[in-house]
Amino acid sequence: MGDGKPDPRILGYLSSAGEDAEIIRYDILGSQAHVLMLLRAGLISRMSAHRILGALSEIMRRRRSLFARNGSTYGGKDAGGTAEDIHEMVESLVVERAGAAHGGRMHAARSRNDQVALDIRMKVRDDINAMCGHILDAAESMILLASNHRRTVMPLYTHMQQAQAGLFSHWLLAHADALLRDYERLSGAYGRVNKSPLGAGPVGGTSLPIDRAYTAELLGFDGILENSLDATGTRDFAAEYAAAVSIMMSNLSRLAEDVVVWSTSEFSFVELEDDISSPSSAMPQKKNPDVLEITRARAAEAAGYTSAMLGIVGGLASGYGRDLQRTKPLLWMVSDAGVSALLAVQSVLGGMRVNKARMRRVAEASDLVALDVAERLVLEHDVPFRTAHGTAALLVQHARAIGRPIRKMTAGDIRSALRKGGAANVKPSSYSAASDPKILNTITSSLGPVSSLRDRVSRGSSGYAEQRRMISARKRTVTRFRSVLEERKTRIDGALTSLKKQIKSV
Ligand code: ARG
């Protein structure tokens, strides 16, 4: 300190070499495309291109040992821990191998600012595709599980209070739908991520006659991110990706919360497999839903990474600022969190034992059919809904008082329920059916969760018929999404394969 030599601790503080491990491959690919473009534009000789590309191919092949991690820095002769980043390291390795007269020409018409933006975009587009693949796997397994549970009756809850009779398949399909929206959200982001910033230079472009569309094409981008100030300075695409993953994780976290509650001995709706739950170190009777608890926590973490990223990008004047470097580790953590959570949830659902009998008993013991009573009065006896609702409420109250579900009430019970309503100054209904104990008894005794689910015909409802329809519709959606995803991946693979061919021909 004070001796003119940089303090290694400060160098380490500044370096992005550690997190750059994730983008080495993209950095080399970007350089290869850039060199092919420089050659085609007549900005470097075939000889220089040949020497640089030769060096880059060797670095690509040996990248694992060249950049072997050594704590938070990298080993290797030239790639010391003092380099600011991977871009600097790769360039110095190229110069060393190709000689300064050739290798020194590689960085013409670009800057690390457009280079790092390029690398991140290539990494994020691959991460999006990988995430989308896992999302479709998870959604598909939920849909397949749903077809095994089209007749598994359970209570549906609002405010955590029993609300209506439902089916376990309906719950699974609800979560599959959320995942399919997550897929769409990420696919929307993909369109904005997959634009090439390469050739934007440090901020304002270059006087050299480059061809940005050509490098974009070589790397499999759908065009360029035009404005050079925007291309180098923005990370909105990264924040969008992180936000989409965070939303997905919040969806998984809600699923996790349901299953945690259902696995309690009080509920006993499901039992988790031994290898994904862990025994307590002290209390042998316990089976803790750890995987789900970690999923909830990681969802909160992912939201934190996204918030940190927005804090970084929102505090920055236009143009590149070094702050942007710190968005990279956040992004990598977001990707890791998302993929791990999807895999975890899949394994939980795959190994979970569903206690059908228990779910059904709970659904039958409670007054989940109260709304159905009212709807029968509306449908079959032309009673206004508000009146029908009042009658059903009287029945529920009395059923509770006598400790029996409405469907087990006798005509006598119903008569006293209505009488009590009169005593409590609830207006007697002018619609005879709504105050006719015989009619009401016919309705209540014919109702149960099963009849309720048979009658439930509205689109998207828990009804039996809707389950069948939704399961096959969702299967088709998964197939359609998979083929879009395959197209995206094939396009990238195709571009990178022809990039390789072109390199060979130089
Ligand atoms: N290490 C930097 C990052 O990760 C690369 C760009 C550096 N540019 C600069 N002008 N220092 O963001």
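Just so you know, ligand 1 is whichever comes first in the structure, and atom 1 is the first atom listed for that ligand.
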Among R110, M37, R40, exactly one meets side chain to side chain contact (heavy atoms under 4.5 Å, CB included) together with I210. Which residue is that?
M37
Sidechain N-carboxylate O distance under 4.0 Å for E226, R212:
no
For the residue pair F481 and Y183, categorise the inter-ring angle as parallel (less than 30°), tilted (30 to 60°) or perpendicular (more than 60°).
parallel
Residue list, side-chain contact (heavy atoms from CB on, under 4.5 Å) with S472, at least two apart or on another chain
R476
When you look at CZ of R459, are more than 12 heavy atoms from neighbouring residues, nucleotides or ligands closer to it than 6.0 Å?
no
Taking atom types as modelled and ignoring hydrogens, do the side chains of S45 and S48 form a donor-acceptor contact shorter than 3.5 angstrom?
yes
For ligand 1, run through the N/O pairs with the protein that fall under 3.5 Å and put one pair on each line.
| residue | atom | partner | partner atom | Å |
| --- | --- | --- | --- | --- |
| ligand 1 | 1 (N) | S16 | OG | 3.2 |
| ligand 1 | 1 (N) | E84 | OE2 | 3.3 |
| ligand 1 | 1 (N) | D85 | OD2 | 2.8 |
| ligand 1 | 1 (N) | Q325 | OE1 | 2.8 |
| ligand 1 | 4 (O) | K328 | NZ | 2.3 |
| ligand 1 | 8 (N) | N113 | OD1 | 2.9 |
| ligand 1 | 10 (N) | N113 | OD1 | 3.3 |
| ligand 1 | 11 (N) | E84 | OE2 | 3.2 |
| ligand 1 | 12 (O) | Y320 | OH | 2.5 |

